[in-house]
Structure formats: C-alpha cells, structure tokens
2 protein chains.
Amino acid sequence: MRRMTARPANAHQARLLKLLRDGGPNSRAQLGDQIDLSRSKLAVEVDRLLETGLVVADGLAASRGGRRSHNIRLNPGLRFLGVDIGATSVDVAVTNAELETLGHINHPMDVREGPVAVFEQVLAMAAKLKASGLAEGFDGAGIGVPGPVRFPEGIPVAPPIMPGWDGFPVREALSQELGCPVMVDNDVNLMAMGEQHAGVARTVADFLCVKIGTGIGCGIVVGGEVYRGTTGSAGDIGHIQAVPDGRPCACGNRGCLEAHFSGAALARDATEAAQQGLSDELASRWETNGGLTAVDVAAAAAAGDATALDLIREGGNRTGQVIAGLVSFFNPGLVVIGGGVTGLGHTLLAAIRTQVYRQSLPLATGNLPIVLGELGPAAGVIGAARLISDHLFSPA
Amino acid sequence: MRRMTARPANAHQARLLKLLRDGGPNSRAQLGDQIDLSRSKLAVEVDRLLETGLVVADGLAASRGGRRSHNIRLNPGLRFLGVDIGATSVDVAVTNAELETLGHINHPMDVREGPVAVFEQVLAMAAKLKASGLAEGFDGAGIGVPGPVRFPEGIPVAPPIMPGWDGFPVREALSQELGCPVMVDNDVNLMAMGEQHAGVARTVADFLCVKIGTGIGCGIVVGGEVYRGTTGSAGDIGHIQAVPDGRPCACGNRGCLEAHFSGAALARDATEAAQQGLSDELASRWETNGGLTAVDVAAAAAAGDATALDLIREGGNRTGQVIAGLVSFFNPGLVVIGGGVTGLGHTLLAAIRTQVYRQSLPLATGNLPIVLGELGPAAGVIGAARLISDHLFSPA
DNA sequence: TCTACTTTTTCCACTCACAGGACAAAGGCG
DNA sequence: CGCCTTTGTCCTGTGAGTGGAAAAAGTAGA
C-alpha cells in the first residue's frame, strides 16, 4: 500500500508541524503564541495543512475563558517506523507523528549475516507490528546501523563490524520495500537524537552521547544538530588509543579503547576471570549459561562480586580517560552514557565521572552533568523516528 | 576621533558586503551573478549601501563586451585593527575592509603583566600604526587572547596563563579606548579564522587548527563557523593526557600534552640536553644567547643536530597521538598546524602525520591533509580582523 | 438573566519586498 | 555604420504578510 504523505510547502508549515510534533495538540491561538506570524497568516497556513491531511481538527481545546477553539493535531493515522540495527540484535518500533512509541519489538540477530538477511528480519518485524493493528502502512522510516554512513545517500561506508554492508544502498532498498521515504544514520547519532528529543538532553544545545555496546561510539550534537564529520565517521572513538602498547585490536593497532572496554571485551575478560577461578559468581554463571556476556557481569556486580566490580571500574576508568580528553576538546554541556552496558549502572558512571572530573579543566567540568541515558533501548528507535520526521517535516 | 560606521540594514546588504570583502571590487552585474536577487532589487540595495558610505563607486569595471559598468568596492578608507595577544608577545596589524594587511608590528611582552599594561602597549602600537599614515581611525577591532573567553561579552574566564585577566572586561575597555566596536576571542580560534579566510582552509567546512606555541590549543570549525563550546573553552587540548603518569603539569595533573611538548617544554628540554652535554650545537647556542627557546631548537635541527631532531620527533609523536584521537572523534576535512613552533617545520609535521595516519581509521584519514599554516604570525591578526568584520557586516 | 469583558476566529484593506519586462545607454565586431 | 551584447534604470504586477475591525462564542459578576 502506497501512502501519499504530503510535505510542508514552506518553512512556516514546517515550523508548525514540528511544534505540533513536539508540543502535541494545540489550538490555533496557542500556536500563534509560539510562532512569529500574524493570526491571519497563521490561519492560512493551518488551513493549507488541513487540506493536505497532514494535520486534522480534533475536538475543542481547553478553554482559556473566551470563544471556544478547536484543537489542531497531527494526523493521528500517520505512522513512522524506527529501526535500530545493532551488532547482535534488531529493534523495530512504530510511532505516531508525535513520536510516541506505539509498539516496540526486539529480535536477536547478527549484523554480519548481511543486509539481505537483516532486511528480511526487519520487514518481518514491521509486518508483525502492522498485523497487530498498530499501523496500516508507514509514512516514513528511520534506520540506524552500527557503522559510518554516507548520510545524504544513506549508504554505509567501510563499516568495520558489518562485512557485506559496505556500499549497500540501504536507503534506496528499504524505501523500495517499505514504499515510503527512508533516512539512514549511524546508530549512535540516532541514540543522541533520541535522548535529545525525549530524554535527558532535551534542553542542551551541545552534548556528547557515548554508547557503549558491542563497540563504543559517540554521538556529537552541535547547536542542536548532529555533527557527522567530513566522511560520516565522526564520533568513532572506539579506536582512540586508551592504553599505550595495550591489547591488540581488530583494527590492527594496539590499545584501542574498544579492545579494553566494550560489551565484547567485557565478556571476554569475565570469561577469563571465571576460568582462572578468580570469581565464584562469574564461574557459576558461566556454567549455567554456557558463556558470559556483559549482562552477566552486571548481575555479578549487582550481587557484590569483587571481580566483576573491578572489571567495570577498570573499564570505566579507561573510558573516562578518553571522555576526559573529549570533554577538554569539545567542552560539551552534557555527557550522556548509554548503550547495552547501561546495566552496569552507577559503578560505571562513578568511574567515568572520577576520571573526567579529575583530568579535565574546571572550566569545562564545572557545570558538566555526566548522566546515564533515560530511554535505554528505546533511544535508538525514537531517534530514528525523529530523523525521518525531521526530514518529512522540512520543505520539500 | 569617533567614526560613525554604518551597519547593513538587512541580510541582502550583509551578503553584498561580505561578497565585496572576500571578492574585492565588482561591478553590479558581477555581484548579480553571485547573489540570488533581481537586478532591480540589487540596484536598490547597492544604492542604499552607497548612501551609507560603506561602499563607494570606483572607476570602470573590466569590459565584458557591452555597456561599460562601474566598479563597486568597500570604502577604501575603512580600517580594522587586528590584535593578537600571545603569551610572550603582542601582534597588531591594520587592514582595510578587504582584510588586506596594510601594516603589522610585533612587540615582545609578557601577558602576565596584566591587562592594563598590555592594553597600554596595544594602544601605543595602534597609535604608531596610525602615525605612519596607515589609518586615521579604526572602524572596528578584533582581539585574540591566549585563554578561554566568554564570547558574547568578550571577557576572559579562568585563563590559566593570564593571571589578572579573569573577568576583565576586555571588549568593553578596549571599545572605550579605541572608540570603535570590538570583538574578543581565543587566539587559537582567530588563527583558525585567519587560515580560513586567507590561508590553507579556504574551501573546507570542517577543520581543526592546532596551534603549538607557548601552550597548545586547537581551533574547531564546524560548517564554516568557529565552535566555542558551552563555556568557551572548546579546543583546550593542552591538558589532555598524552603520557600516563607523565610529567607534572602546572594544572595539577600529570602527563598533559603541554607538559611534554610546547614552546615552553621544548625550551626546557633543550636546556637540559645542553647542560648534560648531549648536544654541542645546543650547548653553543645556550652559551651565545644565555638561554634556549624553541627557535634555537629549530635552528639546531636545521643544522642537523640529532638531539634537537629527537626532541622535535618525540614531541611530534606525542602531539600526533593526541591529534589522532581528535581526528577519530571529529573527522575533520583538514588539520592545520601552526603557532610559534611552525619553524620546526617538516620534521614536526612528519612525526605528527605518522602518528595520525597510523592510529586513526582509514575512513577518517583517507583524504585528510595535515598541513602547516600558510600565514604564520599573520594568521592571528587576520583572523581578528575577520572576526570584527563578520560582526560589523551583519545586520544590526 | 442580563451585561460587560475575553478570547478566538474570520474578513478585508493596505503595505512592502521583489521579480521581471521594457527600454535606454554604451560598448564590441564585422 | 548597422547589429548584437552587456549593463543600468524605470515601472508595474504579484504575492506574502500585517494589523485592524467585526463577528462568534465563551466566562464572570450584578
């Protein structure tokens, strides 16, 4: 089913759509308070938006003591698809035009199975969401992939952990399959957009969003806009050297942050500790599950296991050291920590904070909150929905 | 003498002024080719600019085979003052409205003597330039100081190497003294703007400009605009840890980049080497000059002194390591190396390049030029003139 | 219940920026 | 010397947008 989603005809309409998206239903008068337009002009633009079907009239607005007014809201039938492709799992969610999550499902999947297999999975999940009555079709989709993306074309470029994806026309292919506009971005950037839209970063113009999952990446927001760098690889901090002559890394260097701390590194370290008999807690989990992941380390740490806590602290120190450098360089107004290892929680956060507050200059850290992300695994898909809505709610 | 410099009344006029600044004299027709305005509208705006006196008619334009046309140019009497306050010296230059340097003088001076003494010096230098007939007065001035600045107010904040400057209202005070608008910024940001306007970074939107002088700093340009960070301390990379548990630094930490490589550190290392008799070349210079600076090291290196070359290579490696991290994070389209130690030239550059190209990922370094600044000590003052002209050539 | 006051919406006339065509001025070229 | 091109000037039409007046529809108090 093809849906003919209209686009705003001018900047005023785009502005109005974003106000309605971020502020929910509003009367014309309330919109007038937030936008710098005369009542007459506003009425004209709203009427045009009503004609396109992008927005609809919707009951009476709460009275402010005068003539009753009708609410205007984004068409409640609009649906966006948010897709977050991780290294080891896929998240898919449906939102309405106000970016409220209507349904969210997760499925384990190795990204290395390649774009064709992954897309099959994504489409199956999207179909499932449709089948459960949440959507009849999609008006747009945002996709996050765990690697650098040539943003304008929506094509992954030289992604280290995604063999087979290099140069694959993700945007084009998915747009074809779904029959709607698609935008593609790095998963970390989408997490940053998610936390900016609905999470801890709502009021901050310049911030960093560090995602510690299978790998480590960092979303950079400058003046409210995601910064992607010259070739789309900005924020690729996993291969910054954290330990001189440290562990060998898949990238060919030694001592990369990612080699010393990440979901993958943590799992390996924990396994080693369990095998060496350093931790009964980890050893028993190893036997039970036939392997260890970051989740096991988190659980062991929560149970007070000293080895697990040490691993987290050690990794937090390394990460904090790198972040301290980034803070000195970038002087953000906020640092958000998120990703799969958020379960490591405050032990990790404390270690990172200690390093940053100790190593960076007071002027940069003086009023710098370092916090965990608020949205957890939803950040990516919300960010994806936000990405496509930003695109569709801009003049064509 | 107070000069009543007009300001553009709207964005079109601002645009025209910047075209004339960056492209020199142009006929109305040529301007029309570069701006998206009808000929009639263009004529009106040009006429208004002529009325304000900001631009003047100036002879005939080169014929393109039709009716002859008059050139329009920025008022040749306009004068900007560019001031670059370094840690150990002050640069002052006069430019015309096209930012061509008409005169440039340098005077050694320790910034630690405080704002009052430094301003006395700056005003004396400005008076000297005036006396030599280069200017009758100034229409605006840009000032660079070696420390973080709260940009909107033009006030240094917590500058580590500038005791006595914290909170001093530089912009206000100098505006009073000079009788013209003043803008203040970090010296490194101005160097970046200088190289962007007239140097190697003319065509690049996102780049880094690393200045290695008495200290080390980095100008960050995002989308053609200088990024200053939340508190104005962005680019303060001198205190990023380059050596774990390395040398103690004035900031209280250990292993800061600045403690291991900078003009000051280099002078100290060279002195040590001379005293230990590791290098005859350096020792003889030490005796001759009664001390050593980065300039001596550069000269010794140029003469083939192995110790001097080692010092430079070692420092370049450290710096390159930090820059490699920044490149991974920021993914710039260009890295410019400048500042006092540019004299160390290609030995330094080679060491930096080696580290960056080895440590950062290919996608970020693939097409990344790392070059020396083109303007040398003029970059700062040109950047300062550019700063104030950007301000004055924007709608009031 | 009636009156006075608000809030909101709709309608209309007026302003202003701007585009684009017509025309004049001033050159080159065969 | 005539024709074409380029440039500058004038003039009018158009459409965006403002702001006031009036109508519509409510609340609060006498």
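Lettering follows sequence order; numbering is per chain, from 1.
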Peer 1: Is the backbone N or O of B/Leu54 less than 3.5 Å from a side-chain atom of B/Thr52, with the two atoms forming a donor-acceptor pair by type?
Peer 2: yes
Peer 1: Would you say A/Ser175's side chain and A/Glu172's backbone share a donor-acceptor pair under 3.5 angstrom?
Peer 2: no
Peer 1: Go through the structure and list residues passing salt bridge (charged side-chain N to carboxylate O under 4.0 Å, His left out) with B/Arg202, not counting sequence neighbours.
Peer 2: B/Glu374
Peer 1: Under a 4.0 Å threshold between the charged nitrogen and the carboxylate oxygen, would A/Lys18 count as salt-bridged to A/Asp22?
Peer 2: no
Peer 1: Would you say the side-chain atoms of B/Asn367 and A/Thr231 include a donor-acceptor pair closer than 3.5 Å?
Peer 2: no
Peer 1: When you compare the protein's N or O atoms with those of nucleotides 25-30 of chain C, which come within less than 3.5 Å of each other, and at what distance?
Peer 2:
| residue | atom | partner | partner atom | Å |
| --- | --- | --- | --- | --- |
| C/dA26 | N3 | B/Arg67 | N | 3.4 |
| C/dG27 | OP1 | B/Arg68 | NE | 2.9 |
| C/dG27 | OP1 | B/Arg68 | NH1 | 2.6 |

Peer 1: For B/Phe330 and A/Tyr227, I'd like to know if the aromatic rings sit close, meaning centre-to-centre distance below 6.0 Å.
Peer 2: yes
Peer 1: Please give, in whole Å, the distance from D/dC10 C1' to B/Asp47 CG?
Peer 2: 12 Å
Peer 1: When you measure from every atom of DNA chain C, which of residues 8-22 of chain A have a heavy atom less than 4.0 Å away?
Peer 2: none
Peer 1: Kindly say whether B/Asn96 contributes a backbone atom to a donor-acceptor pair with the side chain of B/Glu100 at under 3.5 angstrom?
Peer 2: no
Peer 1: For B/Phe151, check ring pair (Phe, Tyr, Trp, His ring centres under 6.0 Å) against everything at least two apart and list the hits.
Peer 2: none
Peer 1: So does B/His391 get a backbone contact from the side chain of B/Arg7, meaning a donor-acceptor N/O pair under 3.5 Å?
Peer 2: yes
Peer 1: Please name all residues satisfying ring pair (Phe, Tyr, Trp, His ring centres under 6.0 Å) with B/Phe393, sequence neighbours left out, ordered by chain then number.
Peer 2: none
Peer 1: Where along residues 27-45 of chain B does a heavy atom come under 4.0 Å from DNA chain D, residue by residue in number order?
Peer 2: B/Arg28, B/Ala29, B/Arg39, B/Ser40
